[in-house]
Protein chains: 2
Amino acid sequence: MTLRESIIQKLEDNGFRITGSRVKLVDSLIKHEEGFTAEELVTEVREAGRATVYRTIRLLVDQGVLCKLAMDSGAPRYTVSGMAHHHHIICVHCGSVREFRQTVIERALKSMEDDDGDTVVGHRIEVFVLCAACRAAGAKVDSIRAEHQHS
Amino acid sequence: MTLRESIIQKLEDNGFRITGSRVKLVDSLIKHEEGFTAEELVTEVREAGRATVYRTIRLLVDQGVLCKLAMDSGAPRYTVSGMAHHHHIICVHCGSVREFRQTVIERALKSMEDDDGDTVVGHRIEVFVLCAACRAAGAKVDSIRAEHQHS
DNA sequence: TGTCATTTGATACTCAGTTTCATCAATTGA
DNA sequence: TCAATTGATGAAACTGAGTATCAAATGACA
(Lines give C-alpha, C1' and ligand atoms only; values in the text may rest on other atoms or scores of the structure.)
Protein backbone atom coordinates (compact mmCIF):
# COMPACT_ATOMS: atom_id res chain seq x y z
CA MET A 1 0.00 0.00 0.00
CA THR A 2 1.41 3.38 -1.00
CA LEU A 3 1.56 6.36 1.34
CA ARG A 4 -1.17 8.00 -0.70
CA GLU A 5 -3.40 4.95 -0.38
CA SER A 6 -2.80 4.56 3.33
CA ILE A 7 -3.76 8.17 4.01
CA ILE A 8 -6.95 7.89 2.00
CA GLN A 9 -7.70 4.55 3.65
CA LYS A 10 -7.33 6.10 7.09
CA LEU A 11 -9.78 8.88 6.28
CA GLU A 12 -12.25 6.38 4.87
CA ASP A 13 -11.88 4.08 7.89
CA ASN A 14 -12.62 6.95 10.23
CA GLY A 15 -15.82 7.88 8.43
CA PHE A 16 -14.64 10.86 6.39
CA ARG A 17 -15.71 11.20 2.78
CA ILE A 18 -13.17 10.82 0.02
CA THR A 19 -13.81 13.92 -2.03
CA GLY A 20 -12.05 15.34 -5.04
CA SER A 21 -10.54 18.19 -3.01
CA ARG A 22 -9.16 15.86 -0.38
CA VAL A 23 -7.55 13.55 -2.91
CA LYS A 24 -5.99 16.50 -4.75
CA LEU A 25 -4.64 17.84 -1.49
CA VAL A 26 -3.19 14.49 -0.44
CA ASP A 27 -1.59 14.11 -3.87
CA SER A 28 0.02 17.49 -3.49
CA LEU A 29 1.27 17.25 0.08
CA ILE A 30 2.89 13.84 -0.23
CA LYS A 31 5.17 15.35 -2.86
CA HIS A 32 6.58 17.72 -0.24
CA GLU A 33 9.32 15.57 1.20
CA GLU A 34 10.67 18.43 3.27
CA GLY A 35 7.44 19.86 4.62
CA PHE A 36 5.18 22.67 3.47
CA THR A 37 3.13 25.61 4.72
CA ALA A 38 -0.64 25.96 4.46
CA GLU A 39 -0.30 28.84 2.01
CA GLU A 40 1.92 26.76 -0.25
CA LEU A 41 -0.91 24.25 -0.59
CA VAL A 42 -3.45 27.00 -1.17
CA THR A 43 -1.35 28.24 -4.07
CA GLU A 44 -0.60 24.81 -5.48
CA VAL A 45 -4.01 23.20 -5.28
CA ARG A 46 -6.22 25.68 -7.10
CA GLU A 47 -9.02 23.11 -7.23
CA ALA A 48 -9.57 23.52 -3.49
CA GLY A 49 -10.55 26.76 -1.77
CA ARG A 50 -8.67 28.40 1.06
CA ALA A 51 -11.07 27.21 3.74
CA THR A 52 -10.96 23.65 2.46
CA VAL A 53 -7.17 23.59 2.46
CA TYR A 54 -7.03 24.76 6.07
CA ARG A 55 -9.83 22.40 7.11
CA THR A 56 -8.15 19.45 5.42
CA ILE A 57 -4.78 20.18 7.00
CA ARG A 58 -6.42 20.33 10.40
CA LEU A 59 -8.20 17.05 9.71
CA LEU A 60 -4.97 15.35 8.71
CA VAL A 61 -3.17 16.64 11.79
CA ASP A 62 -6.01 15.33 13.96
CA GLN A 63 -5.74 11.97 12.23
CA GLY A 64 -2.02 11.83 12.89
CA VAL A 65 -1.19 11.96 9.19
CA LEU A 66 0.47 15.35 9.37
CA CYS A 67 2.74 16.83 11.97
CA LYS A 68 2.37 20.53 12.77
CA LEU A 69 5.56 22.38 13.50
CA ALA A 70 5.30 25.86 15.03
CA MET A 71 8.15 27.99 13.76
CA ASP A 72 9.86 30.78 15.70
CA SER A 73 8.49 33.25 13.21
CA GLY A 74 6.21 32.87 10.24
CA ALA A 75 3.56 30.28 9.52
CA PRO A 76 3.82 26.71 10.86
CA ARG A 77 5.16 23.97 8.61
CA TYR A 78 3.58 20.57 8.16
CA THR A 79 5.25 17.25 7.46
CA VAL A 80 3.82 13.85 6.64
CA SER A 81 4.70 11.91 9.78
CA GLY A 82 6.33 8.64 8.93
CA MET A 83 7.31 7.46 12.39
CA ALA A 84 4.81 7.39 15.22
CA HIS A 85 7.12 9.20 17.59
CA HIS A 86 9.87 11.34 16.17
CA HIS A 87 11.46 14.76 16.29
CA HIS A 88 12.53 17.31 13.73
CA ILE A 89 15.65 18.61 12.10
CA ILE A 90 14.91 22.01 10.64
CA CYS A 91 17.10 23.99 8.29
CA VAL A 92 17.21 27.56 9.60
CA HIS A 93 17.91 28.82 6.10
CA CYS A 94 15.38 27.10 3.82
CA GLY A 95 12.95 25.75 6.42
CA SER A 96 13.08 22.17 5.16
CA VAL A 97 12.21 19.57 7.77
CA ARG A 98 13.37 16.00 8.32
CA GLU A 99 12.46 13.50 11.00
CA PHE A 100 14.80 11.82 13.43
CA ARG A 101 14.74 9.65 16.46
CA GLN A 102 17.22 9.38 19.28
CA THR A 103 16.65 6.80 21.96
CA VAL A 104 19.31 8.19 24.29
CA ILE A 105 17.39 11.43 24.50
CA GLU A 106 14.06 9.68 24.89
CA ARG A 107 15.42 7.77 27.85
CA ALA A 108 16.88 10.88 29.46
CA LEU A 109 13.56 12.70 29.16
CA LYS A 110 11.66 9.72 30.55
CA SER A 111 13.90 9.82 33.61
CA MET A 112 12.78 13.38 34.32
CA GLU A 113 9.25 12.23 35.07
CA ASP A 114 7.78 13.22 38.40
CA ASP A 115 10.79 15.22 39.46
CA ASP A 116 8.69 17.90 41.06
CA GLY A 117 5.06 16.93 41.14
CA ASP A 118 4.35 17.61 37.49
CA THR A 119 3.10 14.79 35.28
CA VAL A 120 5.00 14.57 32.02
CA VAL A 121 2.61 14.11 29.10
CA GLY A 122 5.03 14.50 26.21
CA HIS A 123 7.97 16.33 24.75
CA ARG A 124 9.27 17.88 21.58
CA ILE A 125 12.80 18.21 20.32
CA GLU A 126 13.91 20.36 17.43
CA VAL A 127 17.41 20.44 16.05
CA PHE A 128 18.31 23.48 13.97
CA VAL A 129 20.80 22.99 11.19
CA LEU A 130 22.16 24.61 8.08
CA CYS A 131 21.39 21.83 5.67
CA ALA A 132 23.98 20.49 3.26
CA ALA A 133 22.12 21.93 0.27
CA CYS A 134 21.98 25.46 1.72
CA ARG A 135 25.62 25.35 2.76
CA ALA A 136 26.56 24.21 -0.72
CA ALA A 137 24.54 27.11 -2.09
CA GLY A 138 26.70 29.51 -0.11
CA ALA A 139 24.66 30.20 3.04
CA LYS A 140 26.92 30.98 5.98
CA VAL A 141 26.45 29.68 9.51
CA ASP A 142 27.66 32.76 11.40
CA SER A 143 24.88 35.14 10.46
CA ILE A 144 22.37 32.51 11.48
CA ARG A 145 23.90 31.49 14.76
CA ALA A 146 23.42 35.03 16.05
CA GLU A 147 19.67 35.06 15.64
CA HIS A 148 19.20 31.56 16.96
CA GLN A 149 19.60 31.48 20.71
CA HIS A 150 19.04 27.76 20.56
CA SER A 151 22.72 27.02 20.42
CA MET B 1 21.80 43.85 41.50
CA THR B 2 18.17 42.88 41.13
CA LEU B 3 16.76 41.30 37.97
CA ARG B 4 14.96 44.54 37.22
CA GLU B 5 18.17 46.54 37.56
CA SER B 6 20.19 44.14 35.44
CA ILE B 7 17.67 44.30 32.59
CA ILE B 8 17.61 48.08 32.64
CA GLN B 9 21.39 48.14 32.88
CA LYS B 10 21.70 45.93 29.83
CA LEU B 11 19.49 48.21 27.76
CA GLU B 12 21.46 51.25 28.89
CA ASP B 13 24.78 49.55 28.16
CA ASN B 14 23.66 48.78 24.66
CA GLY B 15 22.67 52.34 23.93
CA PHE B 16 18.91 52.15 24.35
CA ARG B 17 17.08 54.86 26.22
CA ILE B 18 15.49 54.14 29.55
CA THR B 19 11.99 55.48 29.01
CA GLY B 20 8.92 55.42 31.23
CA SER B 21 7.21 52.85 29.02
CA ARG B 22 10.18 50.51 29.07
CA VAL B 23 10.55 50.65 32.82
CA LYS B 24 6.82 50.03 33.30
CA LEU B 25 6.99 47.07 30.95
CA VAL B 26 10.03 45.57 32.66
CA ASP B 27 8.33 46.02 36.04
CA SER B 28 5.31 44.18 34.76
CA LEU B 29 7.00 41.30 32.98
CA ILE B 30 9.39 40.36 35.78
CA LYS B 31 6.33 39.66 37.91
CA HIS B 32 5.31 36.90 35.51
CA GLU B 33 7.27 34.01 36.94
CA GLU B 34 5.58 31.55 34.62
CA GLY B 35 5.72 33.48 31.37
CA PHE B 36 3.26 35.78 29.62
CA THR B 37 1.83 36.63 26.21
CA ALA B 38 2.22 39.95 24.40
CA GLU B 39 -1.50 40.68 24.75
CA GLU B 40 -1.31 40.13 28.50
CA LEU B 41 1.23 42.92 28.71
CA VAL B 42 -0.83 45.16 26.44
CA THR B 43 -3.75 44.75 28.84
CA GLU B 44 -1.70 45.14 32.00
CA VAL B 45 0.47 48.08 31.07
CA ARG B 46 -2.03 50.69 29.98
CA GLU B 47 0.67 53.35 30.08
CA ALA B 48 2.26 51.82 26.99
CA GLY B 49 0.60 51.52 23.60
CA ARG B 50 0.19 48.30 21.65
CA ALA B 51 3.03 49.07 19.26
CA THR B 52 5.38 49.94 22.08
CA VAL B 53 4.62 46.73 23.93
CA TYR B 54 5.38 44.63 20.85
CA ARG B 55 8.48 46.65 20.04
CA THR B 56 9.79 46.38 23.56
CA ILE B 57 9.23 42.64 23.69
CA ARG B 58 11.13 42.24 20.43
CA LEU B 59 13.93 44.40 21.79
CA LEU B 60 14.18 42.31 24.94
CA VAL B 61 14.21 39.07 22.94
CA ASP B 62 16.99 40.49 20.77
CA GLN B 63 18.93 41.43 23.88
CA GLY B 64 18.58 37.93 25.27
CA VAL B 65 16.49 39.13 28.20
CA LEU B 66 13.33 37.33 27.08
CA CYS B 67 12.88 33.93 25.55
CA LYS B 68 10.22 33.51 22.88
CA LEU B 69 8.32 30.27 22.94
CA ALA B 70 6.17 29.40 19.92
CA MET B 71 3.13 27.44 21.07
CA ASP B 72 1.36 24.75 19.09
CA SER B 73 -1.64 27.01 18.87
CA GLY B 74 -2.27 30.53 20.03
CA ALA B 75 0.15 33.36 20.62
CA PRO B 76 3.75 32.74 21.68
CA ARG B 77 4.68 33.01 25.33
CA TYR B 78 7.67 34.87 26.68
CA THR B 79 9.78 34.11 29.72
CA VAL B 80 12.56 36.03 31.40
CA SER B 81 15.52 33.82 30.63
CA GLY B 82 17.57 33.14 33.72
CA MET B 83 20.04 30.62 32.38
CA ALA B 84 21.99 31.29 29.19
CA HIS B 85 21.13 27.96 27.68
CA HIS B 86 18.05 26.15 28.90
CA HIS B 87 14.87 24.44 27.80
CA HIS B 88 11.24 24.65 28.80
CA ILE B 89 8.70 22.73 30.78
CA ILE B 90 5.25 23.81 29.68
CA CYS B 91 1.97 23.01 31.37
CA VAL B 92 -0.45 21.92 28.65
CA HIS B 93 -3.36 23.03 30.81
CA CYS B 94 -2.47 26.52 32.07
CA GLY B 95 0.44 27.35 29.77
CA SER B 96 2.85 28.20 32.57
CA VAL B 97 6.50 27.81 31.66
CA ARG B 98 9.56 26.85 33.69
CA GLU B 99 13.17 26.45 32.66
CA PHE B 100 15.30 23.36 32.96
CA ARG B 101 18.63 22.02 31.91
CA GLN B 102 19.71 18.48 31.27
CA THR B 103 23.32 17.83 30.45
CA VAL B 104 22.72 14.23 29.37
CA ILE B 105 20.48 15.48 26.59
CA GLU B 106 22.84 18.25 25.62
CA ARG B 107 25.60 15.73 25.19
CA ALA B 108 23.44 13.37 23.14
CA LEU B 109 22.43 16.20 20.79
CA LYS B 110 26.03 17.34 20.43
CA SER B 111 26.97 13.83 19.33
CA MET B 112 24.50 14.11 16.45
CA GLU B 113 26.58 16.82 14.80
CA ASP B 114 27.66 16.23 11.23
CA ASP B 115 25.83 12.96 10.93
CA ASP B 116 24.74 13.67 7.40
CA GLY B 117 26.34 16.78 6.05
CA ASP B 118 24.16 19.26 7.92
CA THR B 119 25.76 21.71 10.31
CA VAL B 120 23.97 21.82 13.66
CA VAL B 121 23.43 25.41 14.81
CA GLY B 122 21.21 24.81 17.81
CA HIS B 123 18.35 22.90 19.32
CA ARG B 124 15.24 23.31 21.39
CA ILE B 125 13.60 20.93 23.80
CA GLU B 126 10.16 21.30 25.27
CA VAL B 127 8.69 19.02 27.89
CA PHE B 128 4.92 19.08 28.21
CA VAL B 129 3.45 18.45 31.63
CA LEU B 130 0.29 18.74 33.62
CA CYS B 131 1.67 20.91 36.42
CA ALA B 132 1.10 20.07 40.06
CA ALA B 133 -1.20 23.07 40.51
CA CYS B 134 -3.46 22.12 37.60
CA ARG B 135 -3.63 18.50 38.68
CA ALA B 136 -4.52 19.59 42.18
CA ALA B 137 -7.25 21.78 40.67
CA GLY B 138 -8.78 18.70 39.08
CA ALA B 139 -7.41 18.74 35.52
CA LYS B 140 -7.11 15.22 34.15
CA VAL B 141 -4.21 13.89 32.10
CA ASP B 142 -6.18 11.62 29.77
CA SER B 143 -8.08 14.26 27.83
CA ILE B 144 -4.82 16.10 27.27
CA ARG B 145 -2.72 13.16 26.22
CA ALA B 146 -5.01 12.59 23.26
CA GLU B 147 -4.44 15.97 21.70
CA HIS B 148 -0.71 16.00 22.36
CA GLN B 149 1.07 13.70 19.97
CA HIS B 150 4.31 14.63 21.68
CA SER B 151 4.18 11.64 23.97
C1' DT C 1 18.25 74.48 29.09
C1' DG C 2 18.41 73.50 24.28
C1' DT C 3 19.19 70.25 20.80
C1' DC C 4 18.01 66.32 18.36
C1' DA C 5 18.07 61.46 17.57
C1' DT C 6 15.30 58.05 19.65
C1' DT C 7 10.97 56.55 21.14
C1' DT C 8 6.13 56.72 21.29
C1' DG C 9 1.25 55.84 20.06
C1' DA C 10 -2.90 56.32 17.17
C1' DT C 11 -4.18 54.39 13.19
C1' DA C 12 -4.10 51.82 9.24
C1' DC C 13 -2.46 47.82 7.47
C1' DT C 14 -0.89 42.85 6.59
C1' DC C 15 -0.97 38.08 7.19
C1' DA C 16 -2.62 33.66 8.77
C1' DG C 17 -6.31 31.35 9.84
C1' DT C 18 -11.54 30.76 11.06
C1' DT C 19 -16.60 31.37 10.63
C1' DT C 20 -20.63 31.77 8.04
C1' DC C 21 -23.89 30.16 5.07
C1' DA C 22 -25.78 29.05 0.77
C1' DT C 23 -24.79 25.45 -2.36
C1' DC C 24 -23.19 21.01 -3.72
C1' DA C 25 -22.05 16.04 -3.45
C1' DA C 26 -21.73 11.48 -1.28
C1' DT C 27 -24.23 8.16 1.21
C1' DT C 28 -28.49 6.03 3.03
C1' DG C 29 -32.70 3.92 2.76
C1' DA C 30 -37.17 3.12 0.83
C1' DT D 1 -33.31 4.42 -8.71
C1' DC D 2 -34.42 8.28 -6.67
C1' DA D 3 -35.38 11.37 -2.87
C1' DA D 4 -33.79 12.61 1.79
C1' DT D 5 -30.14 13.31 4.72
C1' DT D 6 -25.83 14.52 6.14
C1' DG D 7 -21.21 15.96 5.25
C1' DA D 8 -18.12 18.90 2.44
C1' DT D 9 -17.19 22.97 -0.20
C1' DG D 10 -15.98 27.83 -1.25
C1' DA D 11 -16.63 32.85 -1.55
C1' DA D 12 -16.53 36.31 1.41
C1' DA D 13 -16.54 38.48 5.62
C1' DC D 14 -14.35 38.31 9.90
C1' DT D 15 -10.85 37.73 13.79
C1' DG D 16 -6.45 38.06 16.18
C1' DA D 17 -1.71 38.83 16.27
C1' DG D 18 1.64 41.55 14.91
C1' DT D 19 3.85 45.43 11.85
C1' DA D 20 4.47 49.96 9.32
C1' DT D 21 3.73 54.83 9.20
C1' DC D 22 4.51 59.24 10.71
C1' DA D 23 3.69 63.29 13.42
C1' DA D 24 4.39 64.41 18.15
C1' DA D 25 6.73 63.66 22.53
C1' DT D 26 10.77 62.82 25.32
C1' DG D 27 15.19 61.23 27.26
C1' DA D 28 20.34 61.88 26.93
C1' DC D 29 23.81 64.75 26.63
C1' DA D 30 26.27 69.06 25.52
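These values consider heavy atoms only, across backbone and side chains, with no hydrogens, waters or symmetry-generated copies. Here is how names work: the chains are called A, B, and so on, in the same order as the sequence lines, proteins then strands, and each is numbered from 1.
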Straight-line distance of A:Arg124 CZ to A:His87 NE2, nearest 0.5 Å: 10.5 Å
Rounded to whole Å, how long is the line connecting atom CZ of B:Arg58 with atom P of C:dT8? 13 Å
Would you give the length of the straight line joining atom CD of B:Glu12 to atom CD1 of B:Ile18, rounded to the nearest 0.5 angstrom? 5.0 Å
Over how many whole Å does the gap from B:Leu69 atom CG to D:dA17 atom P extend? 16 Å
Under 4.0 Å, heavy atom to any atom of DNA chain D: which of residues 38-54 of chain B qualify? B:Ala38, B:Glu39, B:Arg50, B:Ala51, B:Tyr54
Find the distance A:Lys68:NZ to C:dA16:P and express it as a whole number of Å. 13 Å
To the nearest 0.5 angstrom, please state how far the OG1 atom of B:Thr52 sits from the CZ atom of B:Arg50. 11.5 Å
Run B:Ser81 and B:Glu99 through side chain to side chain contact (heavy atoms under 4.5 Å, CB included) and show every step you take. CA-CA 8 Å; B:Ser81 49; B:Glu99 298 182 354; 3.9 Å; yes
To the nearest 0.5 Å, atom CG of A:Leu25 lies from atom CZ of A:Arg55 at 11.0 Å
Close side-chain approach of B:Arg77 and B:His88, heavy atoms under 4.5 Å: no
Round to a whole Å and report the spacing from CG of B:Asp72 to C1' of C:dG17. 15 Å
Does the side chain of A:Val42 reach to within under 4.5 Å of the side chain of A:Tyr54, using non-hydrogen atoms? yes
Heavy atoms of other groups near B:Glu33 CD, more than 12 under 6.0 Å: no
Phosphate contact (C:dT7 OP1 or OP2) by B:Arg55 side-chain N/O below 4.0 Å: no
In whole angstroms, how far is the C1' atom of C:dT7 from the NZ atom of B:Lys24? 15 Å
Rounding to an integer number of Å, can you tell me how far A:Asp62 CG sits from D:dA8 P? 13 Å
What is the distance, to the nearest angstrom, from the CE atom on B:Met71 to the P atom on D:dA17? 14 Å
Let's go through B:Leu11 and B:Leu59 carefully: what are the C-alpha distance in whole Å and the side-chain angles of both, what is the deciding distance for side chain to side chain contact (heavy atoms under 4.5 Å, CB included) to 0.1 Å, and is it a yes or a no? CA-CA 9 Å; B:Leu11 292 181; B:Leu59 172 65; 4.0 Å; yes
Figure out the CZ/P separation between A:Arg22 and C:dC24, and round it to whole Å. 19 Å
Per-nucleotide protein contact along nucleotides 24-30 of chain D, 5' to 3', at a 4.0 Å heavy-atom cut-off (B base, S sugar-phosphate only, - neither), is --BBS--
